[in-house]
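Heads up, the thing below is written out as structure tokens.
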Amino acid sequence: MPDPTARPLTRQEHIVDTKAVDPDVILGDRRNELDALDVQLLDVLRRRIECCVSIAELKREHDIPMMQPGRVGVVHQRAEAFGREHGINTDFLRSLYEVIITETCRVEDLIIDDAPATDDGTASR
């Protein structure tokens, strides 16, 4: 039961009290930091895909197969070592890299399969 003798909160007291329980206020700075990190993460993914495009162009020019299983293994091993060193779940990192590698393979396939035409109209490889 509320205290009948308690005075109402002033506007300033109400604002301070609201800040103490408002998740948006409490978490605002951390969420802003997380949003900035997400922008960086997405930019790194964009740059990684651009690098894979360049690699795919070289594979196409030099008739190198798109899939390089040894390279995929190296990427997974490096991610696993990073996870162990930094306390990040290695199964999570493996799953994350599977998604990233699947997408970059798809992009590389599009580039490699889009061989430029020769003078006689046939695709060159």
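The first residue in the sequence is number 1, and the count goes up from there. Note that the structure is a prediction, hence the values are computed from the model and not measured.
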[X] [atom1] to [Y] [atom2] distance, which is reported to the nearest 0.5 Å:
{"X": "Leu34", "Y": "Leu27", "atom1": "CG", "atom2": "CG", "answer": "10.5 Å"}
{"X": "Leu45", "Y": "Gln40", "atom1": "CG", "atom2": "CD", "answer": "12.0 Å"}
{"X": "Ile49", "Y": "Ile55", "atom1": "CD1", "atom2": "CD1", "answer": "12.0 Å"}
{"X": "Asp109", "Y": "Arg60", "atom1": "CG", "atom2": "CZ", "answer": "12.5 Å"}
{"X": "Thr104", "Y": "Tyr97", "atom1": "OG1", "atom2": "OH", "answer": "10.0 Å"}
{"X": "Asn89", "Y": "Leu96", "atom1": "CG", "atom2": "CG", "answer": "11.5 Å"}

* **Closest contact, heavy atoms only, Ala56 versus Glu108** => CB-CG, 3.6 Å

Give me each pair satisfying salt bridge (Lys or Arg N to Asp or Glu O under 4.0 Å) with a member in [range], each pair once, sequence neighbours excluded.
{"range": "residues 67-77", "result": "none"}
{"range": "residues 91-101", "result": "none"}
{"range": "residues 78-89", "result": "Glu80-Arg84"}
{"range": "residues 39-53", "result": "Asp43-Arg46, Asp43-Arg47, Arg46-Glu50"}

* Asked: Checking Lys59 side chain against Ile64 main chain: does a donor-acceptor pair fall under 3.5 Å?
  -> no

* Please list, chain by chain and in numerical order, all residues satisfying side-chain hydrogen bond (donor to acceptor under 3.5 Å, both in side chains) with Arg31, sequence neighbours excluded. => Asp24

* With sequence neighbours excluded, residues passing side-chain hydrogen bond (donor to acceptor under 3.5 Å, both in side chains) with Glu57 -> none

* side-chain contact (heavy atoms from CB on, under 4.5 Å) assessment of Val72 paired with Met67 -> CA-CA 8 Å; Val72 171; Met67 184 51 75; 4.1 Å; yes

* Establish whether Leu93 and Ile100 are linked, either directly or via other cluster members, by ILVMFWY side-chain heavy-atom contacts under 4.5 Å. => yes

* Asked: Where do Val107 and Ile111 land on the side-chain contact (heavy atoms from CB on, under 4.5 Å) test, with the steps shown first?
  -> CA-CA 6 Å; Val107 170; Ile111 292 164; 4.0 Å; yes

* So do Arg106 and Leu110 actually touch side chain to side chain, heavy atoms under 4.5 Å? -> yes

